[in-house]
Amino acid sequence: ETASDLICELCSHFYHQGWVSGTGGGISMKAGDKIVMAPPYLKGDIIHTPSAKPPPARPPKLSECAPLFMAAYEMRNAGAVLHSHSLSAVMATMLDPTASELVLTELEMIKGLEGHGFYDQLVVPIIENTARECELTDRLRQAIERYPKTSAVLVRRHGVYVWGRDWIQAKTQAECYDYLFEAAVRMRKLGIDFSAPAPRLPEPVGSGSKSTKVKASSDLSADGPPCQKIRICADGTSASSSLLEGVKAVVLDIEGTVAPISYVADVMFPYAAAKFADYVKLWTRDAEFYDAVKLIKQQAEEDAATVVAASAAASAFLLVPDFDHVFSRPTPGGVAAAPGRDEALEEAVTKAAVAWASAAAAADRKILPLKNLQGLVWRRGFESGELVSELFDDVPKALVEFGKRGLKTYIYSSGSREAQRLFFGYSKVGDLRGNLHGFFDTTSGSKVETQSYGEIRLSLGVDKPEQILFATDVLAEAEAAKAAGWRSVLVRRPGNKPIPGLVVPVEGPAPASVGEFRIVDRLDQLLAWLG
């Protein structure tokens, strides 16, 4: 009864807010082992409906919101779920009719949402409406799964679902979200971009000598707001005029630049290594893994002829005869190999390939056969939901802002292009590939060789190499790009290795640097340079 009374009180409160007028909206919460809705009760798989009141009252009916409420209870262990037809929520979904998410940042009410701070990017997924409420269930579940950080899902031209660990948090978050939706609508009317950080004013440059005291350091901490450090150069000139003027393309590294090294090193690589045996054994039935094993065998033969890492594992392949005459390449659909299969040979090839891949991964070899196999394994991991990539929180909004400012953004990483597409396609904030214009891997050359950057430049459609800006956490890569005529910056992130020769100003507005290279701690610092 207490829960029922509370729902009635909340309904009254939300009615006066204009969220549940007419037949719109709904509220539910847990009460012990029951889930209470207005008006029915759910307990386990059994629906308990109150007794009907005499006419003219209508008989009680289970809310069509029930299966959507249950999605949040089951997938997020929610304690309460609210559904609002707030006009602000409806209008927010119509600001961009093609958008699959609403992105906001640097608004105080974001702090009222669990797991978010003022400088964080708030991403609220938007799903398309259906004729009946219950038909939204699959779309809502997919959004909850793809956006693990969200506690709300918008429904275009309909409203919003919000949940929390209890009714108090659900109510608080519903009010914060509604405030933010209304803010987005009003900011759009004023021409203010609610998805981008606010412009940063430069610190005043003092008069007198332009020299700046510096100290050598490998400390990862930053003194003061990041954009204040980089807006003004040591000589008092604008950084935008010295670094980003004329830039048409931005090329980004992945590890240590847009994503934590720990995620790649501690999650993705161990996942692939643990799955090698499970997937390599498919080589007689799956064309992609058949080709992967062929590449590994060719590389193993080269390894055996030289003294390289994994040569011990490579020697195992020398004992395995050529398998083409026994196993034909499977059809693309994964149909079984040709008749006459030799199970002993199949097992020997599998063991040899797994041994080589495991040794190569342990040695961190950046070669095509290994990257290709890892990419195949990761694809299945991302598509199954076992893997969800993790990016630094400033990256998604920076990618969007680069596009708004006329810059094309590319990725250059030692991971295969397949792995790169997966990484940005299955992130915790959704699919970011629409913000990227291309992917480059070591098939374009080593990242520490100048020639590689010359080759990539030919694919970017720029007239001059200095129209390309490269961001990386590796000094040797920045030097190679600079030697090819590119502009380069070094990225300093938590968990990265110390940057050799790092110089940090003791006082004044000059940015940290290594020789001629500027240091940034976030990608939005580059946006500050753009002005």
Side-chain angles (χ1 to χ4, degrees), residues 1-11 13-14 17 19-20 23-50 60-86 89 101 112-116 122-130 132-156 158-178 384-386 388 428-430:
E1 290 184 7
T2 300
S4 300
D5 292 341
L6 183 56
I7 283 182
C8 291
E9 185 177 342
L10 289 173
C11 281
H13 172 67
F14 292 151
Q17 297 271 52
W19 295 359
V20 292
T23 60
I27 300 176
S28 69
M29 67 181 66
K30 286 184 177 177
D33 62 348
K34 296 180 179 180
I35 294 175
V36 184
M37 297 185 187
Y41 298 79
L42 278 73
K43 180 178 180 181
D45 293 328
I46 302 174
I47 298 173
H48 297 271
T49 304
K61 173 187 175 184
L62 178 62
S63 169
E64 286 214 347
C65 297
L68 293 104
F69 287 156
M70 293 306 298
Y73 287 121
E74 294 169 0
M75 300 178 71
R76 293 296 177 81
N77 194 29
V81 188
L82 314 176
H83 175 42
S84 161
H85 281 201
S86 156
E101 54 192 32
L113 304 174
E114 186 175 22
H116 290 79
L122 174 66
V123 181
V124 187
I126 302 174
I127 61 176
E128 299 301 324
N129 196 23
T130 55
R132 295 189 60 191
E133 195 104 23
C134 58
E135 295 171 352
L136 284 169
T137 305
D138 289 343
R139 296 178 185 180
L140 184 76
R141 283 182 170 272
Q142 290 172 5
I144 292 175
E145 182 177 2
R146 295 209 65 184
Y147 293 81
K149 199 173 179 180
T150 191
S151 51
V153 175
L154 284 161
V155 184
R156 198 177 317 275
H158 181 151
V160 64
Y161 283 84
V162 184
W163 56 88
R165 60 178 173 270
D166 52 35
W167 72 268
I168 297 175
Q169 188 188 52
K171 172 181 176 292
T172 300
Q173 296 200 139
E175 292 171 344
C176 290
Y177 274 116
D178 196 71
S384 68
E386 292 183 355
V388 180
K428 289 186 176 181
V429 295

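For the single chain, residues carry numbers from 1 onward in sequence order. Since the model is a prediction, treat every value here as computed from it, not as a measurement.
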Quiz prompt | Spatial distance of atom CE (M70) from atom CE (M75) [nearest 0.5 Å] | solution = 12.5 Å
Quiz item: CE/M29 to CG/D166 distance, rounded to the nearest 0.5 angstrom?
Solution: 9.5 Å
Quiz item: T130 versus R139: any side-chain heavy-atom pair under 4.5 Å?
Solution: yes
Quiz prompt | Approximate separation, where rounding is to 0.5 Å, of F69 CZ and T137 OG1 | solution = 11.0 Å
Exercise. Please name the residue in the list V429, V153, V155 that meets the side chain to side chain contact (heavy atoms under 4.5 Å, CB included) test with P125.
Key: V153
Quiz prompt | Under 3.5 Å side-chain donor-acceptor pair for Y73 and S28 | solution = yes
Quiz item: Where do R76 and K149 come nearest, in terms of heavy atoms and distance?
Solution: NH2-N, 4.3 Å
Self-check item: For R156 against N129, the heavy-atom pair lying closest together
Solution: O-CB, 3.3 Å
Self-check item: Q173 side chain to G164 backbone, donor-acceptor under 3.5 Å
Solution: no
Quiz item: Residues two or more places apart in sequence or in another chain: which of them pass ring pair (Phe, Tyr, Trp, His ring centres under 6.0 Å) with H158?
Solution: H83, H85
Quiz prompt | Interatomic spacing from CD in E135 to CG in L140 - rounded to 0.5 Å | solution = 14.0 Å
Quiz item: Can you name the closest pair of heavy atoms from A174 and V162 and give their distance?
Solution: N-CG1, 3.8 Å
Practice problem: Please lay out, stage by stage, how L136 and I127 fare under the test side-chain contact (heavy atoms from CB on, under 4.5 Å). | Solution: CA-CA 8 Å; L136 284 169; I127 61 176; 4.2 Å; yes
Quiz item: Going from CH2 on W167 to CD1 on I27, what distance comes out if it is rounded to the nearest 0.5 angstrom?
Solution: 10.5 Å
Quiz item: Does any non-hydrogen side-chain atom of Y147 lie less than 4.5 Å from one of V123?
Solution: yes
Self-check item: Salt bridge E74-R141, side-chain N to carboxylate O under 4.0 Å
Solution: yes
Practice problem: Taking the side chain as every heavy atom from C-beta outward, state whether L113 and Y177 have any pair of such atoms under 4.5 Å apart. | Solution: yes
Quiz item: Which pair of non-hydrogen atoms, one from W163 and one from V81, has the smallest distance, and what is that distance?
Solution: CB-CG2, 4.0 Å
Quiz item: Distance from D178 atom CG to L82 atom CG, nearest 0.5 Å?
Solution: 11.5 Å
